[in-house]
Amino acid sequence: MARVSESEQLPSFSPAIGRIPILDEQPVVDGGRWPAKAYAGEVLPFSATVFREGHDAVGAHLELESPAGVLTDVPLARVHSWDDRYRALARVTSEGPWRFRIRAFADDFATWEHNATIKIANGVDVELMFTIGAELFKRLSKEKGRPVPTKALFKTVSQTLSDKRLPVEERLAPIHSEEVASALASRPAQSLVTYSEWHPLVVERARAGVGAWYELFPRSVGAEQDADGTWTSGTLRSAAERLPAVAAMGFDVVYLPPVHPIGSAFRKGRNNTLDPQPGDPGSPWAIGGAAGGHDAIHPDLGTQADFAEFVAAAAREGLEVAMDFALQASPDHPWVTEHPEWFTTLPDGSIAYAENPPKKYQDIYPINFDNDPEGIRQEALRILLHWIAFGVRIFRVDNPHTKPVDFWEWVIHEVNRRHPDVVFLAEAFTRPAMMQTLGKVGFQQSYSYFTWRNTKEELTEFFEMLGEWAPYYRANLFVNTPDILTEYLQFGGRPAYEIRAILAATASPSWGVYSGYELVENVARPGSEENIDNEKYEYKPRDFAAAEAAGTSLAPLITRLNAIRREHASLRDIRTIDVHWSDDDAVLVYSKHLDARFAPSGESDTVLVVVNTDPHSVRETTVHLDPTRFGLEADSEFTVRDLLTGQEFVWGQHDYVRLDSFTQPAHILHVQHERGDD
């Protein structure tokens with residue numbers, strides 16, 4: 001056959017695939033364009049597709065490198081016989097930039113053992129199989145880096161396989177020993193070793209992934225109405241008096257809407273009207289006035305020293321303060337005169353106000369990011385660093401989806417480069433592409449579609465979505481906000497509030513409530529999804545103590561839910577949520593499981609949640625479980641304890657439940673043990 005002449009030769013080519021193919025490594029975000037996310041202490045699933053030509057066996061290991069350069073080697077296992085997907089769980093223990101890769105190899109021992117077992121049992125190539133095995137273990141006994149006792153063990157195995165004087169069973173016995181299995185598990189008999197690319201993984205502090213949030217308006221806490229109808233605003237100091245009660249309910253974060261000066265021009269009145277009355281405080285999101293802008297405190301609330309004391313008081317209660325970062329301005333904001341180029345001027349000379357048809361926000365000017373992008377970036381960074389200096393480490397960002405994504409990527413990078421512990425929550429109820437991308441470019445958490453996912457079918461789809469998005473998107477399941485009072489809450493009564501709290505607290509590692517939720521505030525402004533007498537536009541002091549004394553407060557349930565979250569480490573992860581089945585179209589069943597090797601107690605932790613999603617009914621049905629999803633045999637019987645009531649039941653694959661939304665809409669069950677394991 002004639003050779004190709006030198007003049008006809010094409011440039012050299014290197015295959016993109018390795019000798020042992022490694023495909024679709026996970027967790028990887030857009031091919032490594034951005035790092036996958038995790039939090040310190042989180043248990044992550046790693047996986048890849050690994051295979052080779054022919055029938056020889058392959059193996060795969062995870063190589064996980066910490067910021068300190070410590071390399072952890074974790075075997076991956078092939079879970080299903082019908083595919084070539086290899087998986088493993090591994091914990092990331094510290095904050096910082098991690099990375100991982102997959103090592104694939106020809107598993108020479110597994111290939112030989114498979115062939116030898118079949119052939120020797122059938123009297124085919126018996127001595128040839130023993131010779132190949134002996135040579136394999138002789139090779140392994142000389143490999144650099146293996147412990148001396150292991151080398152001696154493998155040498156003995158090689159000699160035994162070669163000894164024709166011994167019966168076949170005795171010659172094969174050593175390869176089935178625990179010592180050999182352990183030695184090969186820690187370091188396989190590998191050849192044709194192939195590596196994937198290194199993939200980035202950013203590990204943030206635990207609060208970036210886990211937390212219970214409580215939203216309150218400082219001006220309402222301690223506000224007083226005089227006899228003539230005028231109001232005296234609450235202050236940061238009076239709001240601090242509410243902190244012990246918030247902490248007692250088990251919350252980790254207290255979130256404050258904007259605490260800055262509020263504009264007077266086009267100020268909104270009560271219930272979002274355009275005719276404010278004297279004394280109406282206006283919307284806190286209409287930021288800026290004579291007293292300053294985003295780096296100032298509203299004079300009615302106090303001083304910056306009062307704010308610093310509020311942050312310190314929260315810390316004494318074990319709470320962090322989340323500050324609202326709303327990048328917009330009232331017509332009275334200093335920016336309007338100092339930087340008119342930061343706004344959009346219409347042909348008639350007026351400045352465009354914010355709109356989200358049919359909603360109009362005449363009291364707010366949105367920022368135009370295209371005229372002076374660098375100036376706006378620097379100002380945003382300056383403001384954030386200003387409040388970070390007061391000890392704020394969490395920012396809830398208002399409407400980030402109405403700003404350029406590259407702006408957020410730059411701002412979050414610059415803040416986290418200086419302060420890696422700062423967490424950003426995106427208040428982005430918008431299209432999936434934008435929600436996903438905000439997570440990819442840096443937002444540690446986001447609001448989500450949870451608020452509008454109410455049926456069993458909707459919630460099943462939603463929970464599955466959260467698992468798929470987990471490498472870059474962490475949903476904080478807020479049950480309500482000042483802007484959002486869904487029909488489900490408006491017309492579902494107290495059961496709806498209980499159901500939504502149970503779902504949010506158990507499904508996601510992060511959840512939150514807006515103050516008043518525990519009082520079942522469910523009256524909407526006609527024709528809207530907003531509370532009537534909306535706190536955005538007026539003072540709204542509440543008598544929490546009276547509700548608790550009357551037994552109508554949801555505070556005891558919320559307190560118990562937050563305690564359950566702290567007691568059960570399996571609830572700290574969204575990735576492990578598994579939806580099971582029921583015969584009723586309203587009864588949702590899901591579990592979360594943490595293997596014993598990762599659980600703080602040293603025992604596996606499984607929580608089963610069974611919820612009647614219909615707040616108007618009593619449901620009786622059979623639920624169907626797959627116990628293999630939480631580490632038990634398919635036909636196991638096991639004891640479960642209801643963490644809400646203390647009742648115990650014996651369950652298995654098929655179990656009867658009766659859930660009365662008016663008395664007990666859900667079970668939160670801890671799987672304690674298999675029967676007979678006492």
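Owing to the predicted nature of the structure, the values given are computational and were not obtained by experimental measurement.
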Under the side-chain contact (heavy atoms from CB on, under 4.5 Å) criterion, do L136 and F154 qualify, and how do the steps go? CA-CA 9 Å; L136 170 62; F154 286 168; over 6 Å; no
May I have the step-by-step check of salt bridge (Lys or Arg N to Asp or Glu O under 4.0 Å) for K456 and D585, ending in yes or no? CA-CA 7 Å; K456 172 184 175 180; D585 61 5; over 6 Å; no
Checking D84 against T49 for the side chain to side chain donor-acceptor pair (under 3.5 Å) test, could you report, in this order, the C-alpha distance in whole Å, the side-chain angles of both residues, the deciding distance, and whether it holds? CA-CA 5 Å; D84 295 298; T49 296; over 6 Å; no
Could you walk me through whether S604 and F598 pass the side-chain contact (heavy atoms from CB on, under 4.5 Å) test, one step at a time? CA-CA 8 Å; S604 63; F598 298 118; over 6 Å; no
Worked check of side-chain contact (heavy atoms from CB on, under 4.5 Å) between L466 and Y449: CA-CA 10 Å; L466 292 184; Y449 296 133; over 6 Å; no
Candidate pair F395 and V415, rule side-chain contact (heavy atoms from CB on, under 4.5 Å), full reasoning: CA-CA 11 Å; F395 293 92; V415 169; 5.8 Å; no
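The neighbour count for E197 CD, taken as heavy atoms of other residues, nucleotides or ligands under 6.0 Å away, does not exceed 12. Atom CD of Q647 sits in a crowded spot, with more than 12 heavy atoms from other residues, nucleotides or ligands closer than 6.0 Å. Other residues, nucleotides and ligands contribute more than 12 heavy atoms inside 6.0 Å of the NE2 atom of H624. Under a cut-off of 6.0 angstrom, the local environment of CZ in R33 is sparse, with at most 12 non-hydrogen atoms contributed by other residues, nucleotides or ligands. Summarising the local packing, CZ of R572 is surrounded by 12 or fewer heavy atoms from other residues, nucleotides or ligands at distances under 6.0 Å. Counting non-hydrogen atoms of other residues, nucleotides and ligands closer than 6.0 Å to CD of E461 gives a total of 12 or fewer. For E457, the CD atom sits in a loose shell: 12 or fewer heavy atoms of surrounding residues, nucleotides or ligands are nearer than 6.0 Å. The number of heavy-atom neighbours closer than 6.0 Å to NE2 of H55, taken from other residues, nucleotides and ligands shown, is 12 or below.
In this pair, Y497 and Y517 present their aromatic rings tilted. The plane angle is within the 30 to 60° band. Between F424 and F443, the ring planes are perpendicular. Angles over 60° get that label, and only those under 30° would be called parallel. Aromatic ring pairs are classed by plane angle as parallel below 30°, tilted from 30° to 60° and perpendicular above 60°; the pair W112 and F109 is tilted. Between H199 and F100, the ring planes lie tilted relative to each other; the angle falls in the 30° to 60° range.
No side-chain donor from either of W452 and E458 sits under 3.5 Å from a side-chain acceptor of the other. A donor-acceptor pair shorter than 3.5 Å can be found between the side chains of E518 and Y214. In this model, no donor atom of one side chain and acceptor atom of the other lie less than 3.5 Å apart for D583 and T621. Side-chain contact annotation: N476 with Q445, donor-acceptor N/O pair under 3.5 Å present. Residues T628 and D626 bring a donor and an acceptor atom of their side chains to less than 3.5 Å of each other. Counting only N and O atoms by type, the side chains of D642 and Q664 include a donor and acceptor under 3.5 Å apart. Using modelled atom types, one finds a donor on one side chain and an acceptor on the other under 3.5 Å when comparing S191 with D108. Under the 3.5 Å distance criterion, with hydrogens and angles disregarded, no donor-acceptor pair is assigned to the side chains of T506 and K592. Counted by atom type alone, H593 and D595 present one or more donor-acceptor pairs between their side chains at under 3.5 Å. Judged purely by distance below 3.5 Å, without hydrogens or angles, the side chains of N480 and R500 never pair a donor atom with an acceptor atom. Counting only N and O atoms by type, the side chains of H61 and R103 include a donor and acceptor under 3.5 Å apart.
Between I502 and P665, the shortest heavy-atom contact is CD1-CG, 4.5 Å. The nearest pair of heavy atoms linking P75 to A88 is O-CB, 3.4 Å. The heavy-atom pair separating T93 from A40 by the smallest distance is O-CB, 4.1 Å. The two residues A90 and L64 come nearest to each other via the heavy atoms CB-CD2, 4.1 Å. Contact record, V423 with R207: CG2-C, 4.5 Å, taken as the closest heavy-atom pair. Closest non-hydrogen pair, D24 versus Q26, comes out as OD1-NE2, 2.9 Å.
With a 4.5 Å cut-off on side-chain heavy atoms, L669 and V607 do not count as touching. Within the 4.5 Å cutoff, side-chain heavy atoms of L625 are placed close to those of V589. Within the 4.5 Å cutoff, the side chain of W213 has no heavy atoms near those of the D252 side chain. Proximity of V422 to I394: side-chain heavy atoms (C-beta onward) are nowhere separated by under 4.5 Å. Contact of the V50 side chain with the I20 side chain is registered, since non-hydrogen atoms from C-beta on lie closer than 4.5 Å. Within the 4.5 Å cutoff, the side chain of N454 has no heavy atoms near those of the L459 side chain. Proximity of W98 to P35: side-chain heavy atoms (C-beta onward) are nowhere separated by under 4.5 Å. At least one side-chain heavy atom of L644 sits under 4.5 Å from a side-chain heavy atom of I564.
For the pair K440 and Y472, the cation sits on the ring face: its NZ or CZ lies under 6.0 Å from the ring centre, inside 45° of the axis. The cationic atom of R101 (NZ for Lys, CZ for Arg) lies less than 6.0 Å from the six-membered ring centre of Y195 and within 45° of the ring axis.
Under the 3.5 Å distance criterion, the side-chain polar atoms of T111 are matched with a main-chain donor or acceptor of D107. Under a 3.5 Å cut-off, the side chain of S177 and the backbone N or O of A173 do not form any donor-acceptor pair. Using modelled atom types, no side-chain atom of S636 and backbone atom of L632 make a donor-acceptor pair closer than 3.5 Å. Counting only distance, with no hydrogens or angles, the side chain of D573 and the backbone of S570 share no donor-acceptor pair below 3.5 Å.
Proximity of the aromatic rings of H568 and H670 is defined here by a centroid distance below 6.0 angstrom, and this criterion is met. Aromatic ring centroids of Y86 and F51 lie 6.0 Å or more apart. Here the two rings, on F463 and Y590, have centers that are under 6.0 Å apart.
When R85, E25, R87 are each tested for a side-chain hydrogen bond (donor to acceptor under 3.5 Å, both in side chains) with S47, only one passes: R85. With P509 as the fixed residue, the side-chain contact (heavy atoms from CB on, under 4.5 Å) test singles out one of L477, I574, L571: I574. Of the options E42, E468, E464, a salt bridge (charged side-chain N to carboxylate O under 4.0 Å, His left out) to R575 is made by E42 and by none of the others.
A salt bridge links R187 to E143: one of the charged nitrogens lies within less than 4.0 Å of a carboxylate oxygen. R474 has a carboxylate O that lies under 4.0 Å from a charged side-chain N of E204, or vice versa, which qualifies the two as a salt bridge. Checked for salt-bridge contact, R393 and D421 meet the test: a charged N lies under 4.0 Å from a carboxylate O.
Within the structure, salt bridge (charged side-chain N to carboxylate O under 4.0 Å, His left out) contacts touching residues 45-55 (residues at least two apart or in different chains) are R19-E53, R52-D56.
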